[in-house]
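Every chain is numbered from 1, with letters handed out A, B, ... down the list of sequences.
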2 protein chains.
Amino acid sequence: MDQVFRSDVALGMPLYREVKHKIMEALRDGEWKPGEPVPAEKRLCERFGVSVGTLRKAVDELTAENILIRHQGRGTFVASHSQDRYMFGFFHICPKTGQKEYPKVEFIRLSREKVDADGAKRLGVARGAKVVRILNRLGLGGRAVIVDEIFLPERFFAGMSEEQVRERRTTLYQLYQDEFDVAVLRTEERLDAVGASADVAALLGIAEDTPLLHIVRRAMTFRDEVVELRHSYVLTDNHEYFAHEESTLRTPGE
Amino acid sequence: MDQVFRSDVALGMPLYREVKHKIMEALRDGEWKPGEPVPAEKRLCERFGVSVGTLRKAVDELTAENILIRHQGRGTFVASHSQDRYMFGFFHICPKTGQKEYPKVEFIRLSREKVDADGAKRLGVARGAKVVRILNRLGLGGRAVIVDEIFLPERFFAGMSEEQVRERRTTLYQLYQDEFDVAVLRTEERLDAVGASADVAALLGIAEDTPLLHIVRRAMTFRDEVVELRHSYVLTDNHEYFAHEESTLRTPGE
DNA sequence: CAGTGGTCTAGACCACATT
DNA sequence: ATGTGGTCTAGACCACTGT
């Protein structure tokens, strides 16, 4: 194999991780779009000057992070929000008894506002920065169960229109991806219990002060930039938030 | 390499997964105990009759599931619970502002009861089976914030005494491991919002019907057997539940 | 059929930890 | 110095997909 020179920034970094970063750069630069296949493993090996094993280790990590998706016999594809799996990767509310179901989304309002202090902090933008604010109501099992209040930094979503949001036949995250080239790679959620405010109570058709699950979600893209802040208010009479964790066991020595 | 016959159950299963299962069997049989090293990779290659690459792929999955831990230059160890790690792994409540802190656990009561219908279903035991019931109150920042109600199947924890639980200077999961050979490998949590019951309100010093975060946690060991059912009632004035999602690592079937 | 990813091998050398 | 895990190679063959 020809000698291939390692870039300066890659000193001390395993080769497969350097390859991984190069693939991520290509993705960030839009060389391969969501839903499209990336070149075959052999091609990528030639391009980066590494063996299959090394390339596969890089792609392994990217598939584990849901950035790429492999299909045996077909190829490796850039993850796209059109797939159902993505929907449920980020939507954690399910019936206490019975099967998972898709929420029925009802658009209520889109407005442009100056972000408040709390929102600025969570979004990582300047105080008073412009944001798009979207209000949705979600139905599950034929009943209004969730109120979503969404804040989007104007700098990622310039020109977003009410029509785009109201008329879409896809998930919001797919809209972000298709229309604004914003890929959600990771989310973080903080939960607490609150009594329903008058506004939320009216939207859900319940009494004020009814205990609700309050979820503050931040959605991140490349470089951990926050692209969405979402407050969800969930009526948990018949639904619940589901999470599972693998253990963090460690050996004594560490 | 000598011909090594594959076991019947392994038909259609990749070799590395068969090796993984054999390692898990050895762990379940107590061949290597928590905190101890497992044999070196080369030894395991000989034992299972596979190449390093294949063995490493098996061990890769086991480390990803936190069942084994690798230390370069030292060896590969069976994961073990230690006090500090408990926080990061299973305890998801943290202050809304400020640093993570250790909860101050106050033991309230241990009793033996017959499990109710809901508990039987969640624990996967027969209706009316005997369980150990433990009631704890947890303090954070000098204030009572959480009430924990814990149910343990008698068949895993026969002979558990109030003294063991009250006098312990470790986490409960470490007690399960050290005294009852029960390793918690995975947990699942379901959250909803409820109004405080009279009992819980009294323990937390709050008004009845105050909105609380209610967490139902199931803790699993090998073969996904449920070894603990825990109801946590959390006052979320100053604390919240934290979760983050990046890799939904499930592949089977797809 | 040709092309893709999936698995597996039998080595090699490197980085790290312990003796 | 020895033994450990960490990385990497250059092949091979298998299983699956589409034409």
Got a sec, which residues hit salt bridge (Lys or Arg N to Asp or Glu O under 4.0 Å) with Lys20(B), two or more places apart in sequence or on another chain?
-> Glu61(B), Glu65(B)
Nearest to the side chain of Thr76(A) - dC8(C), dG5(C), dG5(D)?
-> dG5(C)
Tell me: CE of Met13(A) to P of dA15(C), nearest whole Å?
-> 16 Å
For Lys96(B), check side chain to side chain contact (heavy atoms under 4.5 Å, CB included) against everything at least two apart and list the hits.
-> Asp192(A), Glu240(B)
Roughly, in whole Å, what's the span from CZ in Phe48(B) to P in dC8(C)?
-> 14 Å
Are the side chains of His239(B) and Cys94(B) in touch, meaning some heavy atoms are under 4.5 Å apart?
-> no
Measure the distance from CD on Glu46(A) to C1' on dG3(C) and round it to the nearest whole Å.
-> 14 Å
In terms of side-chain heavy atoms of Ser51(B), which of dA10(C), dG6(C), dG6(D) is nearest?
-> dA10(C)
Distance in angstrom units between Leu68(B) CG and dG5(D) C1', rounded | 13 Å
Output all residues satisfying salt bridge (Lys or Arg N to Asp or Glu O under 4.0 Å) with Glu167(A), sequence neighbours left out; order by chain, then residue number.
-> none
Arg230(A): partners by salt bridge (Lys or Arg N to Asp or Glu O under 4.0 Å), with sequence neighbours left out = Asp148(A), Glu228(A)
Is there a donor-acceptor pair closer than 3.5 Å between any side-chain N or O of Arg74(B) and the backbone N or O of His71(B)?
-> no
Do you see a donor-acceptor pair shorter than 3.5 Å between the side chains of Tyr241(A) and Glu189(A)?
-> yes
For the side chain of Arg70(A), starting at C-beta, report the closest nucleotide among dG6(D), dG5(C), dC8(C).
-> dG5(C)
Atom CZ of Arg56(B) and atom P of dT7(C): how far apart are they, to the nearest Å?
-> 17 Å
Residues that Phe107(A) engages under ring pair (Phe, Tyr, Trp, His ring centres under 6.0 Å), provided they are two or more places apart | none
Sorted by chain and residue number, the ring pair (Phe, Tyr, Trp, His ring centres under 6.0 Å) partners of His231(A) (sequence neighbours excluded) come out as His214(A)
Contacting residues from residues 24-33 of chain B, given that a heavy atom lies under 4.0 angstrom of DNA chain C | none
Which of residues 34-42 of chain A sit near DNA chain C, with a heavy atom under 4.0 Å from it?
-> Ala40(A), Glu41(A)
Nearest whole angstrom, please: distance from the P of dA10(C) to the CG of Leu15(B).
-> 11 Å
With sequence neighbours excluded, residues passing side chain to side chain contact (heavy atoms under 4.5 Å, CB included) with Arg56(A) = Glu41(A), Arg70(A)
Quick note, salt bridge (Lys or Arg N to Asp or Glu O under 4.0 Å) partners involving residues 42-51 of chain B, not counting sequence neighbours, are Glu31(B)-Arg47(B)
Nearest whole angstrom, please: distance from the P of dG6(D) to the CD of Glu61(A).
-> 13 Å
For atom CZ of Arg43(B) and atom P of dT4(D), their distance in whole Å = 6 Å
Are Lys57(A) and dT7(D) close enough that a side-chain N or O sits under 4.0 Å from OP1 or OP2?
-> yes
Nearest to the side chain of Arg74(B) - dT9(D), dT9(C), dA17(C)?
-> dA17(C)
Report the residues that fulfil salt bridge (Lys or Arg N to Asp or Glu O under 4.0 Å) with Glu225(B), sequence neighbours left out, ordered by chain and then residue number.
-> Arg155(B)
Every protein N/O within reach of nucleotides 12-15 of chain D N/O, cut-off under 3.5 Å:
{"unit_1": "dA15(D)", "atom_1": "N3", "unit_2": "Gln72(A)", "atom_2": "OE1", "d": "3.2"}

